[in-house]
Every structure is written in C-alpha cells, then in structure tokens.
There are 2 protein chains.
Amino acid sequence: MTSDPRLERRTLTLRDVSEASGVSEMTVSRVLRNRGDVSPATRERVLTAAKRLGYVPNKIAGGLASQRVNLVAVIIPSLSNMVFPEVLAGISEVLDDTGLQPVVGVTNYQPEREEQVLYEMLSWRPSGVIVAGLEHTDASRAMLKNAGIPIVEIMDVDGEAIDSVVGISHRRAGRVMAEEILAAGYRRIGFLGTQMPHDHRARNRLEGFTAVLAEAGLKLEDQEYYSGGSALLKGREMTAALLARRPDLDFLYYSNDMIGAGGLLHCLDAGIDVPGKLGLAGFNGVELLDGFRVKLATMDACRWEVGRKAAEILSGKSGPTHGVRIELTPRLERGQTIRARR
Amino acid sequence: MTSDPRLERRTLTLRDVSEASGVSEMTVSRVLRNRGDVSPATRERVLTAAKRLGYVPNKIAGGLASQRVNLVAVIIPSLSNMVFPEVLAGISEVLDDTGLQPVVGVTNYQPEREEQVLYEMLSWRPSGVIVAGLEHTDASRAMLKNAGIPIVEIMDVDGEAIDSVVGISHRRAGRVMAEEILAAGYRRIGFLGTQMPHDHRARNRLEGFTAVLAEAGLKLEDQEYYSGGSALLKGREMTAALLARRPDLDFLYYSNDMIGAGGLLHCLDAGIDVPGKLGLAGFNGVELLDGFRVKLATMDACRWEVGRKAAEILSGKSGPTHGVRIELTPRLERGQTIRARR
DNA sequence: CCCGTAGGCGTTAGCGGTAACATAGCGATA
DNA sequence: TATCGCTATGTTACCGCTAACGCCTACGGG
C-alpha cells in the first residue's frame, strides 16, 4: 500500500536531484529557491529532475542552515466562535503574498495553555508572533521579550504592549454603547455575558459600560452569566430567565452577538416590543445577524482589519516591524433594536 | 525596546545551558527531553540553568538531527463555517496527550491551493497528514503516496482512499434524508445549496437524495444556488425567491444548516405552516439550531468523532496507522420541520 | 580480588541544507 | 596578449541538535 518499492527507498535529498541532473547540490538549491544566477538551461534540467523524482525540499534542514524560517506564530483563544476565524482570514490574506506562513495555536482562554503553546511555537523559531490580548503570564511575557522577533498583540489596546499592538479599545467600545443607550432614553439596564474569567476584553467592555452608567448616576439593574453550550440557545434562555425575574428592565446589553441574537429571538417570539419597550445590543458585528428580520444593534470589532494590520506589521510591508501601535475605531451599528435618540 | 543588551546577544543554544550548568550538551539534551539516565542532582542543575537563561529548545535543529518531528498536517477547506473547527477540536483533544501537534492549512475548496498547502506542509516532514476529502489533484495524490507517512482522509468515505479514511457516506446521508421525506408524504421537493464546484460532499449528498427521488418516480421540482455572503441571510433570500417562483412546493432540502436556518426564519416570519404545508431539512447538526424556537431537521455529520478517530489512527493509539477505514453513521435529527411519517 | 554489569555522562559524526567564498570560462578592453 | 569583470557553478564550513557509541565509576557475587 505504501507504494512502489523503488520509490519508498529512503527520503529524497538535494543530492538525489543533483545526481539526476548532473549539477552540484548548491546549484539545485539555487534553482529551487530562485536565488542567485543560474543559466536557463541548467534551471530547466534541475526542475525537470526534481519534478520527475517528486522531490519535496526539507525546510527543517533549510531553516537550520539559513537561520530563517517563514513561519508566523498566531496564538488565539478559540476557534469556536466566529470571531477569530475572521481575524485569521485577514492575516492569511496579507501573508499570502509575502512568503510567510501562519501557524495557529489555540489556548482556550487559559493563560497556562497560552504559555505552553507559545513555548512550543517559539521552539520552531518563527519570524514573528501574533498573539491575542495583552495579558500573559510572566513567563510568556519573558519569552516574547527575549525571542528577538517582532511581536504583535492584537484585539485590544487597553494595556501595556510588549512590542506592537493592533486593536480597539474595548473599554471605549463599552462606553460608546452605553452613551448611545442612555441617549435613547433607556434607564433600567441589564447585562448578560459569558462566565469567562480570562476574557479580559469582555470585562473591559463591561467596565467602560458601567463607568458611563455610573457617571449618569445609574448602575446595572441585574445580570446573568453562562458558560458552555450553544450561545444562541443560552442567550434565549438567559433572556427569558432575566426578564421573568425583572420584567421592568428596558434594555439588555449582551457581551457578544451570539447570545444577543438568542435574546432577540426570544423577544420576537414572546411578542415583546423591541425597541420600544425593550432595547437590545450585542458586540462583534457577526455576519450571522444579517439573516434576522430585526437586526441587532452591535459594534463591529474590526476583526478582519485587525488581522490585516498585524500581518502587515510583521511582513514589514508598511514601515517598522517593532513598536507600532494601531488603534482602530469600532463602528456602532444601530440595527433596529435601539430606538431613536431623544 | 528589544530589551537588555546582555540578553539580546545571540540566540541561546544547548551550549549556553551546558556551560551554565557545568555538564555536556548531551546531558542537557537528555534532561530537556526526559530521555536516558540522568541523576536527579544533575537534572535539577540543568533545569534551573535552563529556566534562568530562558532557554527555548530549537526544534529545527532537533528535528534535523533526530529525523523526527512531532507535527501533524491538517488540511481543510475552510474555517468560516462551523463544521471544521469542530473537527479540529476532536483532533486536538486526542493529539494533546500524544506529544503530537496539529498544524492547520486552509484550501478554500481549491484543489490547486490544496496542492500548494500540502507541498508546504510536507516540506516540514510531519509525522502524519489529515486531509479533508478524497478528491485531490494527481500531484497531491503522488505527494501523499510518496511521503511515507500515515495519511488519513476525512469526512467522506465515498471513493478510493490513499491510505486510511474516516467519515460518513454523504451519498447515503442524502438517501436517508430523502427516504424520510418521502415517508412523511412530501412530494414536490426543492433544493437549495451552495455554488461550490469543489464541494464533492455536498454533491454526493444531492446525488444520493435525487437517486431516491428517482426510484420513487420523482425529481427535484426546482433548485437555487448561491455563493458568498452570510449563509443565514442567503438562506432567507433564496427561500423567499424560490417560494415566490414555486409556491406549490411542499419540501425544501438545504445543503447545509446555515442556509436551512435562514429558510426556517423566513418561513416562520411569513407565517408558513411548517411542517404541515412545507417541510424543511438541512445538513450538519450545527449547535446553532438549538437556539431556534422550531428546530430544523438535520443530519449530524459526526464531525467531532471524525476528528477524534483520525487523530487516533495517526497516534497509533488504537492499532495500525495505515490502511484503516472507519465509516461512521450519521444520525437523523427530525426536529420539528418534518411532519410524522404516514 | 577480579570481573561483569549498569548507571551516568562525554565524544563523535552526521542530519540536509545554505552563506560565503572560491573558481572556471569567456568576451571586452586596453 | 594580458588584464579585467562578469556570469555560472563548485567547495567548504558550519547551523544546533541527537543517535550511537564509549568511557568511567561504583558495586556485588564468585
């Protein structure tokens, strides 16, 4: 099953190609990397031989010899919500024509896991690191600092960066949404979010949000948290539970669009007057929302753009590869779940 | 910004740790890999020194020397629908305690792209490959065959495998759904799907589906295709368009749950009697559906289990690492959008 | 007291490439 | 014709680590 006995011998090396084409290994190497001067005739011979043998270069050896590796480590908390895949798309798009290749590691929002993943990734000597968030264990920070390669922390700008940073201020995002809600005249506000001790961004948003409420002499009337399971379903259930407990609330702020959408479905099904009697808002600007009859108010986190910018920094396309700081401005999308300002 | 001048010198090697701890490089290597006999005292000294210096091993060099690399290439078409992340989760879960590490490559459903990604991945000499689907370019097949490592093709079993294969029969899945629909008495059936020439699995499902219709003397009454954009929204729009054109249809079969959910939303909003006057069904069993008031009929693609099984084969945990064939049986979830069998 | 044995550690020789330098060939130039 | 300079190619010395082997010491039984 493993194929023709002649082929499976041992693994092919440059030497095999060199013998097959009658030139030195060095010349083969030059042809395969498009580097240095090689006559068209020789190039042709080498390429033919390589293809005929089915030679695949060995980047392990190449990387060791050249002390350069075309990998970029990308470390993110999760793949299961829609948000990070879109960041990845932005990264890939830019990296695709730079010869750099992203390698993804997932931490499940666990700092120790992030540390392990980082250690593992750095041991491949990538030429850059993109990592979500600004909060890391001490060991992680030390590794990142000592790695001697460009580091880009993404998603968030509320904190001290190790090297470069690209993101939005989640605190500001929370403030902006709160201001909008108050301007629309809502006053009895509830919050629904995930039970994620390590989602600092969600926490920052809530902080900014409650700060504005406090300035207006208000506070969150009630809150509800969940963890695990289908976010849409949880949003629906939590909303039902919260409203059963506090039917007097006039606004619900959700920590993400998925549970917000679940809440919206509940309200629509229950015949609640949205946004007249009850307003709703989420966070992220996920595409999913476009499919709903009533569009949820949200705030775009510029995920795609964050990915692009981070990749551009690493690729050196747009200036320096160190110490860059880019704060993007999230766009408020009012949808149809916040009534007009008064 | 790049840190203390003493630290940034050059990159740390085993030699540095060896000098710092007063033993040979080889002993350091043994300690760091937990291999061979080392006295507890020495081990301690070495570990302390390594930690103090912030040493991170160089797997490039290690891999070259040992001719072994703990990477598994995972090649999938997309990250933007919910299906592959769940496969990845299954893979990670199993690989996590084997010392193997998945490296993900995305092809966007393009065979040439798959070929490039594969070439790139093989050049890192991984110890195994997991690749979605059974359809590859000739060059890709050749590379996979000659790589001399375990290959697992996943998701689909309708075709000839290169080495091992784990998945479901999409043709059978289509047949089962069609039988269920006919048994419930639906007769005028429409299909809505993605315009994806390279999604062979969706095509196989449709083939199985129409084959059953044909055996009953029926055919698809109408169909609608889309590409790009928010699947939920597209599902809603396509459903509206199709029903406007053919109000006489009594069943809509969707190629995936996302557009199916969009269609369901349309029907609910339009006050259509589901499943009495119109039945609906999708495919995949995405968790999202749990959040809807009316649950869409679907068929679970065993994504998580597929990932697990594939990883188990590569890890050698459960027998041979070559030539294994595992066909899983998708479970039909009737939800509330197919009426009772007659 | 000698030798076998095993644990603990060092030495050597690559792994498969590439950077850097060396060299051969050859037409142009003085 | 000797010299130069350029292009096309070869040679050499590693890159950082580990497999394989070898040496030394301690120890116990015959």
Side-chain angles (χ1 to χ4, degrees), chain A residues 9-47 49-50 53-71 99 120 122-127 147-148, chain B residues 9-47 49-50 53-71 99 120 122-127 147-148:
Chain A
R9 355 170 319 200
R10 63 179 165 64
T11 120
L12 291 169
T13 74
L14 268 193
R15 152 153 253 115
D16 296 293
V17 182
S18 114
E19 283 170 359
S21 54
V23 298
S24 74
E25 296 176 36
M26 195 59 228
T27 300
V28 176
S29 170
R30 279 193 268 254
V31 170
L32 264 26
R33 287 178 300 145
N34 279 317
R35 200 141 315 194
D37 299 313
V38 180
S39 73
T42 308
R43 164 180 306 276
E44 201 48 43
R45 283 228 312 286
V46 170
L47 287 177
L53 295 175
Y55 174 72
V56 177
N58 185 330
K59 295 214 180 191
I60 306 266
L64 182 61
S66 66
Q67 300 286 64
R68 278 179 295 98
V69 156
N70 69 339
L71 300 177
E120 191 79 12
L122 287 181
S123 76
W124 288 104
R125 301 293 187 265
S127 39
Chain B
R9 352 170 321 200
R10 60 176 170 62
T11 121
L12 290 169
T13 74
L14 269 192
R15 155 154 250 114
D16 296 293
V17 182
S18 110
E19 283 172 359
S21 54
V23 298
S24 73
E25 297 176 37
M26 196 60 226
T27 300
V28 177
S29 170
R30 279 194 267 256
V31 171
L32 264 26
R33 286 178 300 147
N34 280 317
R35 200 141 314 190
D37 298 313
V38 180
S39 74
T42 307
R43 163 180 307 278
E44 200 50 44
R45 282 228 313 286
V46 169
L47 287 176
L53 295 175
Y55 174 71
V56 177
N58 184 332
K59 294 214 179 186
I60 305 266
L64 182 61
S66 67
Q67 301 286 60
R68 278 179 296 97
V69 156
N70 69 339
L71 300 178
E120 191 79 13
L122 287 181
S123 76
W124 287 103
R125 300 292 188 267
S127 40

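In this text, all values refer to a predicted model and were calculated from it rather than measured experimentally. Naming convention: chains lettered A, B, ... in sequence-line order (proteins, then strands); numbering from 1 in each chain.
Taking each heavy atom of B:Leu53 and B:Leu12 in turn, the nearest pair found is O-CD1, 3.2 Å. Residues B:Thr42 and B:Ser39 come closest through the heavy atom pair OG1-OG, 2.8 Å. For the pair B:Val28 and B:Ser18, the tightest heavy-atom approach, listed with the atom from each and the gap, is CG2-CA, 3.7 Å. Taking both residues in full, the closest heavy atoms of A:Val17 and A:Val46 are given as CG1-O, 4.2 Å, listed atom of the first, atom of the second, then distance. Closest heavy-atom contact between A:Val69 and A:Gly63: CG2-CA, 4.1 Å.
Contact annotation: B:Ser39 reaches the phosphate of C:dC9 (side-chain N/O to OP1 or OP2, under 4.0 Å). Applying the 4.0 Å criterion to OP1 and OP2 of C:dA19, one finds that A:Arg68 has a side-chain N or O inside that range. Phosphate contact (OP1/OP2 of C:dA19, side-chain N/O of A:Arg33, threshold under 4.0 Å): present. The shortest distance between the side-chain N/O atoms of A:Arg125 and the OP1/OP2 oxygens of D:dC15 is not below 4.0 Å. A sub-4.0 Å separation between OP1 or OP2 of D:dC14 and a side-chain N or O of A:Gln67 is absent. In terms of phosphate contacts, A:Tyr55 brings no side-chain nitrogen or oxygen within less than 4.0 Å of OP1 or OP2 of C:dG16. OP1 or OP2 of C:dC9 has at least one side-chain nitrogen or oxygen of B:Thr42 nearer than 4.0 Å.
In this entry the distance linking CZ of B:Arg35 with P of C:dC9 reads 17 Å, nearest Å. Atom CG of B:Leu64 and atom C1' of D:dG16 are 9 Å apart (whole Å). When the C1' atom of D:dG16 is taken as reference, atom CG of B:Leu53 falls 16 Å away, rounded to whole Å. Straight-line distance from the CG atom of B:Leu14 to the P atom of C:dT11: 15 Å, rounded to whole Å. We find that CH2 of B:Trp124 is positioned 16 Å from P of C:dG16, with the value rounded to whole Å. When the C1' atom of D:dC15 is taken as reference, atom NZ of B:Lys59 falls 18 Å away, rounded to whole Å. A straight line from CG of B:Asn58 to P of D:dT18 spans 9 Å, rounded to a whole angstrom. Taking atom CD1 of residue A:Ile60 and atom P of nucleotide C:dT18, one finds them 13 Å apart after rounding to whole Å.
Looking at B:Ile60 and B:Trp124, their side chains come closer than 4.5 Å, going by heavy atoms from C-beta outward.
When distances run from any side-chain atom of A:Thr27 to the nucleotides C:dG14, D:dG10, C:dT18, the shortest one goes to D:dG10. Proximity note for A:Ser66 (side chain, C-beta onward) versus D:dG10, D:dT18, C:dT18: the nearest is C:dT18. You'll find that the side chain of A:Val38 is closest to D:dT9, out of C:dG16, D:dT9, D:dT18.
The backbone N or O of B:Val38 lies less than 3.5 Å from no partner atom in the side chain of B:Arg43, so there is not a single donor-acceptor pair. B:Ser123 places no side-chain N or O within donor-acceptor distance of the main-chain N or O of A:Asn58, the cut-off being under 3.5 Å.
Below the 3.5 angstrom threshold, one finds a donor paired with an acceptor across the side chain of B:Arg30 and the base of C:dG10.
Note on A:Asp37: a base of the nucleic acid sits closer than 4.0 angstrom, heavy atoms only.
Using a 4.0 Å cutoff on non-hydrogen atoms, the parts of residues 17-26 of chain A near DNA chain D are A:Val23, A:Ser24, A:Met26, ordered by number.
Mapping B:Arg43 and B:Ala65 onto DNA chain C by nearest heavy atom places B:Arg43 closer to the 5' end of the strand.
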